[in-house]
Amino acid sequence: MRYTTAEPGRIFVLRLEDGDIVHEVIEQFADEHNIEAASLIAVGGADDGSRLVVGPGEDRGLPLEIMKETLHHVHEIAGTGTLFRDAEGTPLVHMHMACGRNTQTITGCIREGVRVWHVMEVVVQELKNCSARRVVEEPLGLKLLQP
């Protein structure tokens, strides 16, 4: 385990609008408000056609074969995640959502593009004095958290 410390900063309450792509809007907001790091929670609706990363094709296989799933119809969502900047200073969201409709639920990472259905609420809790960054880590080739 690796860790760093942080202190609570500003808290923002966002209302995402119909058609917004969740990670893009949050990353743009972070850039505009100079947010270096944050924890995130979200509730609302994901629109038909939203895409999730739902796991690797093989448990330990390399190179990674990313599995993706497309939502068919509108889904209710609950999501949680983090935002940290990468080595170039770009804010990157890593959020997982549970997306449910009737008795079916799909859970995954929103990086492929979850589109808001009418409205989504996101609470952004800024983390101040935090040295953590997202850095490409081999052999996975992903930008992973480096506390």
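Scope of the values below: all heavy atoms of this structure, side chains included, with no hydrogens, waters or symmetry mates. All residue numbers in this chain count up from 1 along the given sequence. Everything quoted here is computed from the prediction, not taken from an experiment.
To the nearest 0.5 Å, atoms CE (Met120) and CG (Asp20) are separated by 9.0 Å. With rounding to the nearest 0.5 angstrom, the CD atom of Glu7 is 4.5 Å from the CG atom of Asn129. Distance check: Lys128 NZ to Gln125 CD gives 15.0 Å after rounding to the nearest 0.5 Å. Interatomic distance, Asn102 CG to His75 NE2, rounded to the nearest 0.5 Å: 9.5 Å.
Every side-chain contact (heavy atoms from CB on, under 4.5 Å) that Leu140 has, sequence neighbours left out, goes to Leu62, Leu64, Leu142, Leu144. When the side-chain contact (heavy atoms from CB on, under 4.5 Å) test is applied to Ala132, the partners found at least two apart in sequence or on another chain are Thr4, Phe84, Cys130, Leu145. Residues forming a ring pair (Phe, Tyr, Trp, His ring centres under 6.0 Å) with His94 (at least two apart in sequence, or on another chain): His96.
The side chain to side chain donor-acceptor pair (under 3.5 Å) contacts involving residues 45-56 comprise Arg51-Thr70, where partners must be two or more places apart or lie in separate chains. Residue pairs meeting the salt bridge (charged side-chain N to carboxylate O under 4.0 Å, His left out) criterion with at least one member in residues 74-85, sequence neighbours excluded, are Asp31-Arg85, Glu36-Arg85. Residue pairs meeting the ring-ring contact (aromatic ring centres under 6.0 Å, His included) criterion with at least one member in residues 112-147, sequence neighbours excluded, do not occur.
Transitive grouping of hydrophobic side chains (ILVMFWY, heavy atoms separated by less than 4.5 Å) keeps Val43 and Met97 in distinct clusters.
A 4.5 Å side-chain heavy-atom check between Leu92 and Arg111 finds at least one atom pair inside the cut-off. In this structure, Thr107 and Val54 have side chains that are not in contact, with every pair of non-hydrogen atoms separated by 4.5 Å or more. Annotation: side chain of Val122 is not in contact with side chain of Phe29 (no heavy-atom distance under 4.5 Å).
Just one residue in the list Arg133, Arg134, Lys143 forms a salt bridge (charged side-chain N to carboxylate O under 4.0 Å, His left out) with Asp86, and that residue is Lys143.
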